[in-house]
Structure formats: C-alpha cells, structure tokens
Amino acid sequence: GRRKVHYLFPDGKEMAEEYDEKSGELLVRKWRVKSALGALGQWQIEVGEPALPGAGSLGPEFIKENNANPIFMRKDTRMSFQWRIRNLPYPKDVYGVCVDQKEHCIVVRTTNKKYYKKFSIPDLDRHQLPLDESSLSFAHANCTLIISYQKPKEILAAEAELQKELKKVKTAHSSDGDCKTQ
C-alpha cells in the first residue's frame with residue numbers, strides 16, 4: 001500500500017519518500033548525506049514517525065531515553081504541514097505557538113516553562129517562502145499538541161506537479177531485478 005521513491009542528488013545527498021498508493025499522501029521523507037570521506041550517514045527523518053529501535057537491540061550506549069519524554073514528529077495532511085508533540089499533559093491555555101520572523105521558525109513554549117521548542121519548515125525554506133502567522137494554528141488532545149500550518153498555494157502547486165510526475169514513473173518491484181539469486 002506504499003509507494004517508495006528514492007532520489008539521488010549531484011551533491012551526494014539522498015532522499016527517500018514513501019507515499020500512500022490510494023491517497024497519494026506523503027507518509028515518510030528522510031534524508032541522508034555522505035560524510036567527507038564518502039561513508040553513508042544515518043537517515044534523518046523529516047516527515048513521519050521515527051523508526052523505533054528493534055526489540056532487544058542495544059546501541060553503542062546502554063542508555064535508553066525515558067518513554068515519558070515529549071516526542072516531536074511531523075505528519076503532513078493534504079492541505080497543511082502538521083507536527084505532533086506527544087506526552088505533553090498540560091491544558092491548551094498553557095501553550096504558546098508563534099512565528100519567529102527573525103529566525104524564520106516556529107516557536108512552541110509553555111507558560112509554566114516546562115517545554116520549549118523551535119523548528120523550521122524545510123519545505124518553505126527550499127521554496128524560499130516567508131512564514132505567515134495567520135496560517136498557524138494548534139490544538140491539544142490526549143496529551144498531544146497538534147500544530148498545523150496551512151500550505152501556501154506555491155507548495156500545493158509543486159506537490160500536485162510532483163504527483164503527476166510520479167504517476168508517469170514506472171515502478172520497480174523486488175522480483176524484477178537483474179541480479180537473481182540461484
């Protein structure tokens with residue numbers, strides 16, 4: 001039910017996206033950059049839920065992050081960019097969400113000084129579009145703060161054009177590869 005698209009850029013960057021086949025909605029976007037010596041770096045997730053480490057696998061450190069910490073993730077809808085911050089139990093009137101025009105980012109803060117987060121919108125940065133305070137809204141439900149930013153018409157037009165191009169691209173299936181095991 002997912003369509004995966006992999007991009008390789010001349011500067012050595014890689015981008016992988018996953019779309020829902022029925023709705024065409026972007027589910028995951030992640031980036032990877034080669035190091036100065038040419039080694040592949042870790043995937044940095046821009047859109048979608050971070051991959052959970054496998055059960056029983058321990059990283060280089062034996063320290064695990066507390067599961068009650070706030071979890072910040074981006075999950076877009078068709079008409080808006082959307083971020084979800086889980087594990088924030090305070091009522092809605094405690095949160096302040098605003099646009100910082102000087103640093104070109106969105107700022108989330110609480111009046112009780114328990115949470116503070118600054119983040120940018122890479123899609124707007126790539127299209128060199130300004131942030132608009134009137135496009136920003138937020139809601140709080142089930143210990144999750146949901147921040148929405150209405151997509152500008154330039155982004156909507158670019159996404160529609162990309163969807164048309166992706167429909168033209170032939171898909172490769174794992175069974176169609178040239179290298180077959182014997």
Side-chain angles (χ1 to χ4, degrees), residues 1-9 11 13-33 40-55 67 69-88 92 95 97-99 104-108 115 117-177:
R2 289 185 177 208
R3 182 176 191 161
K4 296 180 182 184
V5 183
H6 196 105
Y7 302 88
L8 297 172
F9 297 100
D11 61 356
K13 288 184 181 178
E14 285 183 72
M15 181 176 69
E17 293 180 328
E18 294 181 22
Y19 293 91
D20 184 288
E21 282 189 342
K22 291 180 182 158
S23 67
E25 182 181 341
L26 177 66
L27 301 173
V28 176
R29 177 183 294 142
K30 53 189 176 179
W31 292 84
R32 181 164 64 176
V33 182
L40 292 174
Q42 295 290 319
W43 285 103
Q44 301 298 315
I45 296 176
E46 182 179 310
V47 177
E49 202 153 348
L52 297 171
N67 60 359
N69 283 351
I71 299 168
F72 180 83
M73 65 169 285
R74 179 173 154 188
K75 174 146 179 42
D76 292 353
T77 64
R78 189 172 290 283
M79 299 305 289
S80 65
F81 301 115
Q82 198 172 82
W83 297 265
R84 295 169 187 262
I85 309 173
R86 294 191 188 125
N87 297 334
L88 289 178
K92 182 180 178 179
Y95 301 101
V97 180
C98 62
V99 170
H104 200 69
C105 64
I106 296 173
V107 179
V108 179
Y115 187 79
K117 176 88 174 165
K118 287 167 61 170
F119 59 93
S120 64
I121 306 175
D123 302 65
L124 293 181
D125 295 342
R126 284 191 284 272
H127 285 42
Q128 298 172 346
L129 296 170
L131 287 169
D132 181 18
E133 185 90 38
S134 64
S135 298
L136 188 64
S137 63
F138 71 98
H140 186 269
N142 300 323
C143 293
T144 302
L145 183 67
I146 302 168
I147 303 162
S148 297
Y149 186 91
Q150 291 297 115
K151 291 180 181 177
K153 57 183 176 268
E154 295 89 349
I155 298 286
L156 293 171
E159 287 179 353
E161 185 68 29
L162 177 64
Q163 286 299 323
K164 283 199 292 192
E165 287 296 320
L166 288 177
K167 286 182 181 172
K168 295 178 190 174
V169 175
K170 286 175 42 177
T171 58
H173 297 285
S174 59
S175 61
D176 293 342

Measuring from Gln44:CD to Lys13:NZ, what's the distance to the nearest 0.5 Å? 11.5 Å
Rounded to the nearest 0.5 Å, how far apart are CG of Leu129 and CD of Glu154? 5.0 Å
What's the separation between atom CD in Gln163 and atom NZ in Lys168, rounded to the nearest 0.5 Å? 12.5 Å
Would you indicate whether the side-chain heavy atoms of Arg2 and Val28 approach each other to under 4.5 Å? yes
Is any side-chain heavy atom of Leu162 less than 4.5 Å from a side-chain heavy atom of Tyr19? yes
Looking only at heavy atoms, what is the nearest atom pair of Glu14 and Leu8, with distance? CG-CD2, 3.2 Å
Do Ile121 and Trp83 have side chains that get closer than 4.5 Å, going by heavy atoms? yes
Looking only at atom types and distance, does a side-chain atom of Arg32 sit under 3.5 Å from a main-chain N or O of Ala16, one as donor and one as acceptor? no
Taking atom CD of Gln128 as the centre, report whether more than 12 heavy atoms of other residues, nucleotides or ligands fall under 6.0 Å from it. no
Quick one: do Glu46 and Arg126 make a salt bridge, cutoff under 4.0 Å? yes
Quick check on Gln42: does its CD atom have over 12 non-hydrogen neighbours (other residues, nucleotides or ligands) under 6.0 Å away? no
Could you check whether any side-chain heavy atom of Asp123 comes within less than 4.5 Å of a side-chain heavy atom of Lys151, counting everything from C-beta outward? no
Note, Leu156 side chain near Met79 side chain (heavy atom, < 4.5 Å): yes
Answer yes or no: does atom CG of Asn69 have more than 12 heavy-atom neighbours from other residues, nucleotides or ligands under 6.0 Å? yes
Under 3.5 Å side-chain donor-acceptor pair for Tyr7 and Glu17: yes
Plane angle bin for His140 and Tyr95 - parallel if under 30°, tilted between 30 and 60°, otherwise perpendicular: parallel
For Tyr149, check side-chain hydrogen bond (donor to acceptor under 3.5 Å, both in side chains) against everything at least two apart and list the hits. none
Measure the spacing between OG of Ser80 and NZ of Lys75 and express it to the nearest 0.5 Å. 10.5 Å
Compare every heavy atom of Glu25 with every heavy atom of Asp76, then report the nearest pair and how far apart it is. O-OE2, 3.2 Å
His104 and Ser120: which non-hydrogen atoms are nearest, and at how many Å? O-CB, 3.8 Å
Plane angle bin for His6 and Trp43 - parallel if under 30°, tilted between 30 and 60°, otherwise perpendicular: perpendicular
From Leu131 CG over to Cys105 SG, what is the distance, rounded to the nearest 0.5 angstrom? 8.0 Å
If the threshold is 4.0 Å, N to carboxylate O, is there a salt bridge linking Glu49 and Arg86? yes
Sub-4.5 Å side-chain heavy-atom contact between Leu124 and Ile155: yes
Between atom CD of Glu159 and atom CG of Leu166, what is the distance when rounded to the nearest 0.5 Å? 11.0 Å
Please report the shortest heavy-atom distance between Phe9 and Met15, naming the atom on each side. CE1-CB, 3.8 Å
Would you say Leu136 and Ile147 make side-chain contact, with heavy atoms under 4.5 Å? yes
The criterion is side-chain hydrogen bond (donor to acceptor under 3.5 Å, both in side chains); which residues satisfy it with Thr144, sequence neighbours excluded? none
Heavy-atom side-chain contact between Pro122 and Arg74 under 4.5 Å: yes
Apply side-chain contact (heavy atoms from CB on, under 4.5 Å) to Ile71 and Asn87, showing your working. CA-CA 7 Å; Ile71 299 168; Asn87 297 334; 3.9 Å; yes
